[in-house]
Each structure stands twice: as structure tokens, then as C-alpha cells.
Amino acid sequence: IVNPPKDLKKPRGKKCFFVKFFGTEDHAWIKVEQLKPYHPHKEEMIKINKGKRFQQAVDAVEEFLRKTKGKDQASSHNSSEEKNRRNSSEERGKQSAGEEKRKASLSEGKLKKGTGEGKKRVSSVSSERGSKSPLKRAQDQSPRKRGRPPKDEKDLTIPESSTVKRVMTGTVAGFKWPPSVSEPVKDSDPHFHHFLLSQTEKPAVCYQAITKKLKVCEEETGSTSIQAADSTAVNGSITPTDKKIGFLGLGLMGSGIVSNLLKMGHTVTVWNRTAEKCDLFIQEGARLGRTPAEVVSTCDITFACVSDPKAAKDLVLGPSGVLQGIRPGKCYVDMSTVDADTVTELAQVIVSRGGRFLEAPVSGNQQLSNDGMLVILAAGDRGLYEDCSSCFQAMGKTSFFLGEVGNAAKMMLIVNMVQGSFMATIAEGLTLAQVTGQSQQTLLDILNQGQLASIFLDQKCQNILQGNFKPDFYLKYIQKDLRLAIALGDSVNHPTPMAAAANEVYKRAKALDQSDNDMSAVYRAYIH
């Protein structure tokens, strides 16, 4: 548990603390009930989380504890030496003349009395305030705005070792911090990459990344919150919801999502159009649903992740579909990337049956899905969004709540429009380098040393250079998203010429039978 940057407001609602995660060097607000003591739960968590990154985090914790123990031992050794020197001084005092001995004894008696009173003041709570802690007294005496930590709390220097040693049972003042560590978190910590969201009653949303300084972007009537932390870090402290979870659609994205839900202890019932895909998850502990309607009727919250608007509608409105299983209180979360009109129509039919609806398309690819590092864009029922908290933490590193239904669909299409256009530009640059006699590898090396450097750029260029187009994000789906993004622009009379040009290149790639390859196979549209 560490001090948050001074510019970062504490989320409203349940009590939480700002936590640093070992291994990833990530930070997030974590609720009290999600924190556990390190040593009693260490073996249990290692058995559940067998990933390499989790083990690296455990190694970092152990290294930290070893260093802390070394400092404590050094401090104890220094204290022993000081005690020995004091004892020697007392012996010399006893051997001095009578009058001097009497004065020394008197002085020593006063010192002991003062020390005893000091200990009493520290170890007991002030009798003037009953059982309140010093921190609470400071809060009582100084009125403050809701959501802002009191000055006393903000100024506390909290050692990072508390993350692995203490259970959250009270206020910060209730902890017995080891004296060996005293460095506060700096405002300019470069590892912060969570996102803040300000949501008002209006559809407009304001958010920004936390980079060198954490600043809250907030309108007068809005509220702020950090939505989720790095999945690998938070997964170690996830308390899975006791609600029964259903999942429909086990494609590239859905498979990774379900796997992470099961790893984090959720009860999951699965269904897929091709039933064989369910077998692996049944072996991992999932239950099998025979139809979408059956899954919805037997689960509290049902997620779905399918390919396009037609598939999303068929899943809900078709024979033995989702709608037939909906009754009051049942929850449906559509994670498909579709257009706003489609998701609005689905929301209306679900709610008309007494159900609750949330759209939650995800940004990422198969690898990020497997790693539990997706970015989740949600909109619709805010209460349902919060009910999905442990699920979103299991499957993603960050989630955003964007307001009314349709907003997430629009945002997701814009994100994929940018990604698809960028991929086409990468392919265009590599082919231009080739036909002009330049080294494609050198071009990649140059790009990786510049401002465009990113995991996406490197991976997609490597795909092209190696001729490996195994799908991580199907080409046909990025073309679908470009088409829907262009239609979104048309609906508001906004030009999208870059996306339109990229879309034509992907259409040519599809004509060359590249639909089921990775989006990087758009490169082949330039060489044929």
C-alpha cells in the first residue's frame, strides 16, 4: 500500500487503498475486501496462478522482503551497539563520586518517567475521543470535501512492504508499518498507465491516460474513478463474483476470456455454435449449455462475443436464442464489435422482457485475450457494469464506462478504424521499401527506434517479414469494422477518406482469399 499522487482523487464509495503491484510495477485503487495477507495465502495463490508473470511478481515480493529483513537486522544491530554504549556509560556513572552519582540517578529517573509517558501516548488512543484513531480525530477536526483525503492522510509515508504483510482491517493509521522503508510514491512514476473516466448525465465523456502526473479530468457534476488495473497484477487479489456466469461464443477472443474467467474462480456455463469447441473448457471446469436460451435461463449474467451484427442479432432473436431465456433480473452483456443501431435494438428487446443490458466490446487480439489484458469499453446499465467487476478484472487490464447504450459501439469502431488504417499503412510502407530496393528489416528497425515504436507495429511487421499470417485478429473482421466505421461517419456527414482508402485495400485482400488470415495479410493486396 503506497501513497497516491497528490493530484489523484480517491474513488467514492467503498473503502479502498492505493496499491503498488510487484512484478508489473502497476498501481490501482483496490477495495479493502480484495486485499489479503501475503504469507497465509502465498501457496494458495501460486497454485491458482501458474503464469510466468505471476511467478515473477512473487520473486519480486520475496526479494523485497529479503532486503527489508536485511535493513531491519542492520537497524537492530545498531540499536544493540547503542544499548551497550549506554550501559557502559551507566557503569562509569556508578563509579563516580557520591554527589555526581546522585545527580546522574536523578536525571535518569526523570528520563524514564518522560519515556513512559511518551509510550503511553503512542500506544493508547486518546481518552478524549474514546476509541477513535489519531487519523480519525484529524478528520473530525478538519471538515473537507467528499472524496479528498485529509492532509494528515495525504502526508503519511506508507512503505510498499505493507502490500505483502498486512490485512486491510482499518484505516491507514491502524497499520504497524516497519520502520525500514519510508519512500513515498513519486508523482512522476512512469509505470502508471491506468485510465480515469469522468461520466456525467450527458453522453459526452472525458477521460485521459495517467502518464507523468495523474490528473483528474472532471466536469462539475461528474464523478471520477480508476476502472481497473493491469490484469496480471489485479488477478492475484480478485474475489470472483458469486453470480453464475454464462458465455456464448468461443472464437479467438471468447476462448481466452472464458479461460481467464475459469482461472480466477468464476462459475461459467459455455455454449458455442460448434459444440466441439466447448470440450476444452468443460475439462477446465466449465458447464455445458445446450442452447443460448438455456445458458441465459440458468445463469445470472451471460456474456456473448460473436463476429458481426447479423450473428449478434441471430444469437438473441433466433430459435432458442437469448431472448427466450430472458426474464426479469437476468443480465446480458454483448461483447461483440457491432454498430450502434444493432446494439441499441438488442438492448431494447432485452429490457422489454425485464432484463438488464450492457454492451462491452473489447479492444485487443487473441494474445491479449489469452493474457487477460484486453481493454473493455462498456455502456448501458451502470449497475450491471459494476456487477461485472471481477469478470472484467479477470479478462482485461482496463475498463471504461462510456454512458448510454451505443457509445461503446461507436468508440470501438473508431478505435478499430484507426488500427485498421494503420495496418494498411504499415503494409504499404513495407512494399514501397521493397520495390525501391530498400531493406524491409532496416525499415522496421528504424521505425522501432522512433516515435511509432509499439508492440503492434513490431508484431505485424514480423508477421509480414516471416510470411506468417496465422490469425491473431481476422482480416475479415477488421474490414467489417472499417465498413461500419465509414457508415458511422456517413450517418453524421463526417468524411472518413483514410478509412475508405484502407477499406478498399482490405477488400482486395479478401478477394485474394485472405479473409481468414491475420489482418497483416493485407500486405498481400500490395504484392499481387
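- Annotation for Gly383 and Arg356: closest pair C-NH2, 3.2 Å, computed over non-hydrogen atoms.
- Cation-pi geometry between Arg382 and Phe401 is met: the NZ or CZ atom falls under 6.0 Å from the ring centre, inside 45° of the normal.
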For the pair Met395 and Ile376, evaluate side-chain contact (heavy atoms from CB on, under 4.5 Å) and give the outcome as yes or no after the intermediate values. CA-CA 9 Å; Met395 66 180 75; Ile376 301 149; 3.7 Å; yes
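- Relative to the six-membered ring of Phe18, Lys20 misses at least one condition, a distance below 6.0 Å or an angle of at most 45° to the axis.
- Between the CG atom in Leu252 and the CD atom in Gln367 there is a gap of 11.5 Å [rounded to 0.5 Å].
- With rounding to the nearest 0.5 Å, the separation of CD in Gln459 from CG in Asp472 is 6.5 Å.
- Looking only at side-chain heavy atoms (C-beta outward), Leu482 and Ser421 come within less than 4.5 Å of each other.
- Nearest heavy atom pair, residue Ser369 against residue Gly256, reads OG-CA, 3.3 Å.
- With a 6.0 Å radius and a threshold of 12 heavy atoms from other residues, nucleotides or ligands, Gln449 has its CD atom at or below the threshold.
- Using a 4.5 Å heavy-atom threshold, the side chains of Val362 and Met253 count as touching.
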Run the side-chain donor-acceptor check on residues 521-528: report pairs under 3.5 Å with partners two or more places apart or on a different chain.
| unit_1 | atom_1 | unit_2 | atom_2 | d |
| --- | --- | --- | --- | --- |
| Tyr523 | OH | Gln434 | OE1 | 3.4 |
| Tyr523 | OH | Gln440 | NE2 | 3.2 |
| Arg524 | NH1 | Gln514 | OE1 | 3.1 |
| Tyr526 | OH | Glu428 | OE1 | 2.7 |
| His528 | ND1 | Arg524 | O | 2.9 |

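- Here the straight-line distance linking atom NZ of Lys410 with atom CD of Glu359 works out to 9.5 Å at 0.5 Å rounding.
- Scanning both residues, Ala394 and Leu261, for their nearest heavy atoms gives CB-CD2, 4.3 Å.
- Not a single donor-acceptor pair under 3.5 Å links the side chain of Thr337 to the backbone N or O of Pro361.
- For the pair Thr302 and Leu248, the minimum side-chain heavy-atom distance is below 4.5 Å.
- Between the side chain of Asn260 and the backbone N or O of Asn370, at least one donor-acceptor pair lies under 3.5 Å.
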Between Gln479 and Lys507, is the side chain to side chain donor-acceptor pair (under 3.5 Å) condition met? List the steps. CA-CA 7 Å; Gln479 189 274 321; Lys507 285 163 66 176; over 6 Å; no
Please test Tyr474 against Ser515 for side-chain contact (heavy atoms from CB on, under 4.5 Å), starting from the C-alpha separation and ending with a verdict. CA-CA 7 Å; Tyr474 283 117; Ser515 290; over 6 Å; no
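- Ring pair Phe247/Phe303 is parallel by interplanar angle, where below 30° counts as parallel and above 60° as perpendicular.
- The two residues Thr342 and Pro309 come nearest to each other via the heavy atoms OG1-CB, 3.6 Å.
- Qualifying side-chain hydrogen bond (donor to acceptor under 3.5 Å, both in side chains) partners for Gln366, counting only residues two or more places apart in sequence or in other chains: none.
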Test Gln393 against Ser389 for side chain to side chain donor-acceptor pair (under 3.5 Å), laying out the working first. CA-CA 6 Å; Gln393 287 180 34; Ser389 175; 3.2 Å; yes
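- Checking Asp445 against Gln441 by side-chain atom types alone, a donor-acceptor pair falls below 3.5 Å.
- Between the side chain of Lys460 and the backbone N or O of Ala427, no donor-acceptor pair lies under 3.5 Å.
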Donor-acceptor pairs are to be reported for all side-chain atoms of residues 311-327 against protein atoms at under 3.5 Å, with residues two or more places apart or in another chain.
| unit_1 | atom_1 | unit_2 | atom_2 | d |
| --- | --- | --- | --- | --- |
| Lys313 | NZ | Glu345 | OE1 | 3.4 |
| Asp314 | OD2 | Lys310 | NZ | 2.9 |
| Arg327 | NH2 | Ser297 | O | 3.3 |

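- The shortest side-chain heavy-atom distance between Phe456 and Gln419 falls under the 4.5 Å cut-off.
- Ion pairing between Lys480 and Asp308 fails under the 4.0 Å rule for side-chain N and carboxylate O.
- A cation-pi arrangement, defined by a distance under 6.0 Å to the six-membered ring centre and an angle within 45 degrees of its axis, is absent between Lys42 and Tyr38.
- Side-chain contact between Ile245 and Cys299 is absent, with no heavy-atom pair separated by less than 4.5 Å.
- Between the Asp481 side chain and the Leu413 main chain, no donor and acceptor come within less than 3.5 Å of each other.
- What you find for Ile464 and Ser520 is that their closest heavy atoms are CG1-O, 3.8 Å.
- Listed for the Asn407 side chain is a donor-acceptor partner under 3.5 Å among the backbone atoms of Leu402.
- Note that the SG atom of Cys331 and the CG atom of Leu384 stand 4.5 Å from one another [nearest 0.5 Å].
- In this structure, Thr269 and Gly289 approach most closely via the heavy-atom pair CG2-N, 3.7 Å.
- A salt bridge is absent between Asp371 and Lys397; no separation between the charged side-chain nitrogens and carboxylate oxygens falls under 4.0 Å.
- One distance of note links OG of Ser259 with CD1 of Ile257; it measures 11.0 Å at 0.5 Å rounding.
- Side-chain N or O atoms of Ser454 include one that pairs as donor or acceptor with a backbone N or O of Leu457 at under 3.5 Å.
- Listed for the Gln438 side chain is a donor-acceptor partner under 3.5 Å among the backbone atoms of Thr436.
- Within the 3.5 Å criterion, the main-chain N or O of Lys277 finds no donor-acceptor partner in the side chain of Thr274.
- Contact of the Leu444 side chain with the Asp458 side chain is registered, since non-hydrogen atoms from C-beta on lie closer than 4.5 Å.
- Using modelled atom types, one side-chain atom of Ser255 and one backbone atom of Leu250 make a donor-acceptor pair closer than 3.5 Å.
- Remark: Lys476 NZ is packed, more than 12 non-hydrogen atoms of other residues, nucleotides or ligands lying under 6.0 Å away.
- At least one side-chain heavy atom of Cys391 sits under 4.5 Å from a side-chain heavy atom of Thr241.
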Checking side-chain contact (heavy atoms from CB on, under 4.5 Å) for the pair Val349/Tyr332: CA distance, chi angles, key distance, verdict? CA-CA 11 Å; Val349 296; Tyr332 186 62; over 6 Å; no
Please evaluate residues Asn416 and Phe473 with respect to the criterion side-chain contact (heavy atoms from CB on, under 4.5 Å), reporting the C-alpha separation (whole Å), side-chain torsions for both, the decisive distance (0.1 Å), and the verdict. CA-CA 11 Å; Asn416 283 358; Phe473 192 121; 4.0 Å; yes
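- The CE atom of Met519 sits 7.5 Å away from atom CG of Asn365, with the distance rounded to the nearest 0.5 Å.
- A salt bridge does not link Lys470 with Asp518: every distance from a Lys NZ or Arg NE/NH1/NH2 to an Asp or Glu carboxylate oxygen is 4.0 Å or more.
- Annotation: side chain of Phe400 is in contact with side chain of Thr398 (closest heavy-atom distance under 4.5 Å).
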